[in-house]
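Notes follow once the structure below has been shown.
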Amino acid sequence: MNSIKKLSFNDFFNEFFSGIFAYDSRLKRTLSTLLFHPGKISKEYILGKRAYYANPFRFYLSASIIFFIIWNFTTNFGGINSENQVPIEELSEEDTQKIREGMAEIPAVAGQINIDSIITKKQAASKKTFQDYYISQLELDSLTFFNSFPKQFELYTRFNKETKITTPETALDNLNHSQSFFNAWVFEKATDWNFIKSNPQIFVTYFISKLPFIIFFYLPVFALFIWLLYSLQPFNYMEHLIFTFHVQTSFFVMTGIALLLDAIFVTDAFVGISLLLFLFYLYKALRRFYAQGRFLTFVKFTLLNGIFLILAVMAAAISLIASFAIF
């Protein structure tokens with residue numbers, strides 16, 4: 001009901017904190033039910049107890065952002081920095097021999113990969129300049145996209161690396177290429193590629209910052225497969241989606257706690273334990289929410305894990321390409 005009473009500071013203060021405490025109580029109920037009663041929160045939420053728990057989509061976003069902040073602070077990306085990495089063509093004979101011995105101990109690659117041949121090819125390639133890869137605009141236009149793009153990108157990458165020119169207009173003018181939007185974009189991406197190769201941890205941090213939203217849009221696709229797998233169950237797509245978001249949120253909460261424990265006790269054991277616990281949690285959540293027998297639940301549990309991994313690899317590849325395109 002609307003009120004015509006003028007809003008005082010006391011009214012605003014009381015309303016603000018009553019809202020916080022109301023959300024706080026929902027948060028506690030949501031967390032405790034989510035973690036200790038797999039599948040229960042989804043079932044109760046779709047049965048109408050929505051004011052009792054936090055909104056599953058908002059709660060997911062909050063949990064995922066907190067998880068990736070924890071992951072960013074507890075995971076060291078310094079190891080992927082290229083500052084101390086030596087290109088393969090610049091390896092000493094001693095280092096090369098160590099690689100030969102190491103590869104000889106791996107049955108799958110022993111005798112299959114010739115490290116000396118790889119080094120020779122790399123050394124030959126490193127002596128070439130961008131002029132050795134030059135291709136005119138006329139030649140590019142005569143090729144299909146899939147044939148022209150790799151050649152164009154290689155040329156622009158080497159040109160940027162050798163000349164240090166970063167302005168597309170200047171670079172395209174020097175190369176006698178047309179000042180088109182596409183050419184300018186390709187040159188910018190070639191410049192970004194050189195930057196990322198020198199500073200890979202910056203791109204990794206950038207990509208991780210986008211993961212909560214990438215996964216947010218990935219989960220509806222996964223929920224579609226759950227809907228197909230449980231098509232005979234009396235649930236619509238949105239109800240499967242709510243279950244999916246609750247399960248993914250529980251993963252973030254469990255793994256986030258494990259990462260903090262690993263950081264406190266300087267170990268990697270807790271993350272491994274949390275992953276095993278999550279698999280058991282997922283099985284129990286499927287069993288409670290869909291109310292099917294143990295064997296059928298286990299079969300669908302196995303299928304869903306396989307589908308999840310395949311979709312995750314595809315989503316990661318697409319997301320990496322998209323992130324690079326807008327980097």
Problem set entry | Cluster overlap Phe203 with Ile318, hydrophobic side-chain contacts below 4.5 Å | no
For this session: Ignoring hydrogens and angles, tell me if any N or O in the side chain of Thr267 forms a donor-acceptor pair with the backbone of Ala269 under 3.5 Å.
Result: yes
For this session: Taking Ser319 for its side chain and Ala316 for its backbone only, find out whether a donor-acceptor pair lies under 3.5 Å.
Result: no
For this session: Decide yes or no on side-chain contact (heavy atoms from CB on, under 4.5 Å) for Leu286 and Tyr230, but give the supporting numbers first.
Result: CA-CA 10 Å; Leu286 288 168; Tyr230 286 95; 3.8 Å; yes
Problem set entry | Distance under 6.0 Å and angle within 45° of ring axis: Arg29 vs Tyr52 | yes
For this session: Determine, step by step, whether Leu241 and Phe57 satisfy the side-chain contact (heavy atoms from CB on, under 4.5 Å) criterion, reporting the C-alpha distance in whole Å, the side-chain angles of both residues, the deciding distance to 0.1 Å, and the verdict.
Result: CA-CA 10 Å; Leu241 186 61; Phe57 306 113; 4.1 Å; yes
Problem set entry | Tyr60 side chain reached by Ile65 side chain, heavy atoms, under 4.5 Å | no
Exercise. Has Leu47 got more than 12 heavy atoms of other residues, nucleotides or ligands less than 6.0 Å from its CG?
Worked result: yes
Seminar exercise, completed: Exactly one of Arg26, His246, Glu44 clears side chain to side chain donor-acceptor pair (under 3.5 Å) with Tyr53, and that residue is Glu44
Exercise. Is there a path from Phe146 to Leu143 through hydrophobic residues (I, L, V, M, F, W, Y) whose side chains come within less than 4.5 Å of each other?
Worked result: yes
For this session: Please lay out, stage by stage, how Asp173 and Gln179 fare under the test side chain to side chain donor-acceptor pair (under 3.5 Å).
Result: CA-CA 8 Å; Asp173 186 57; Gln179 298 281 348; 4.9 Å; no
Problem set entry | 4.5 Å side-chain heavy-atom contact, Phe252 and Ile215 | yes
For this session: Answer yes if Val253 and Leu276 sit in the same cluster of Ile, Leu, Val, Met, Phe, Trp and Tyr residues linked by side chain heavy atoms under 4.5 Å apart, and no otherwise.
Result: no
Problem set entry | Transitive ILVMFWY side-chain link Leu282 to Leu277, under 4.5 Å | yes
Exercise. Is there a side-chain contact between Phe73 and Phe68, using heavy atoms and a 4.5 Å cut-off?
Worked result: no
Problem set entry | Over-ring placement of Lys151 relative to Tyr133, 6.0 Å and 45° cut-offs | no
Exercise. Are Thr255 and Phe67 side-chain neighbours, meaning at least one heavy-atom pair lies under 4.5 Å?
Worked result: yes
For this session: Decide yes or no on side-chain contact (heavy atoms from CB on, under 4.5 Å) for Gln292 and Lys300, but give the supporting numbers first.
Result: CA-CA 10 Å; Gln292 292 187 327; Lys300 292 185 177 182; 3.3 Å; yes
For this session: Measure the acute angle between the ring planes of Phe159 and Phe130, then classify it against the limits of 30° and 60° as parallel, tilted or perpendicular.
Result: perpendicular
Exercise. Given side chains that start at C-beta, do those of Phe295 and Val299 come closer than 4.5 Å, heavy atoms only?
Worked result: yes
Exercise. Is a side-chain donor or acceptor of Lys40 paired with a backbone partner of Thr33 at a separation under 3.5 angstrom?
Worked result: no
Exercise. Around Leu232, counting heavy atoms of other residues, nucleotides and ligands shown, do more than 12 lie under 6.0 Å from its CG?
Worked result: no
Exercise. Any idea how His240 and Tyr290 line up, ring-wise: parallel (<30°), tilted (30 to 60°), or perpendicular (>60°)?
Worked result: parallel
Exercise. So do the side chains of Tyr283 and Pro38 get within less than 4.5 Å of each other, counting heavy atoms only?
Worked result: no
Exercise. So Thr249 and Leu34, side-chain contact (heavy atoms from CB on, under 4.5 Å) or not? Walk me through it.
Worked result: CA-CA 9 Å; Thr249 303; Leu34 186 71; 3.9 Å; yes
Exercise. Would a 4.5 Å heavy-atom cut-off, applied to side chains only, mark Ile46 and Ile242 as touching?
Worked result: yes
Exercise. For the atom pair OG1 (Thr167) and CD (Glu188), what is the distance rounded to the nearest 0.5 Å?
Worked result: 9.5 Å
Exercise. Would you find a donor on one side and an acceptor on the other, under 3.5 Å apart, between the side chain of Asn199 and the backbone of Ile196?
Worked result: no
Exercise. Should Lys284 and His37 count as side-chain neighbours, where that means a heavy-atom distance under 4.5 Å?
Worked result: no
Seminar exercise, completed: Only residue of Phe251, Phe216, Phe59 satisfying ring pair (Phe, Tyr, Trp, His ring centres under 6.0 Å) with Phe245 is Phe216
Seminar exercise, completed: Checking Phe243, Phe301, Tyr281 against Phe289 for ring pair (Phe, Tyr, Trp, His ring centres under 6.0 Å), the one that qualifies is Phe243
Exercise. Would you say Thr74's side chain and Leu259's backbone share a donor-acceptor pair under 3.5 angstrom?
Worked result: no
Exercise. Is there a path of hydrophobic side-chain contacts, each under 4.5 Å between heavy atoms of I, L, V, M, F, W or Y residues, that connects Phe145 with Tyr156?
Worked result: yes
Exercise. Do the rings of Tyr237 and Trp227 sit parallel, tilted or perpendicular, given the 30° and 60° boundaries?
Worked result: perpendicular
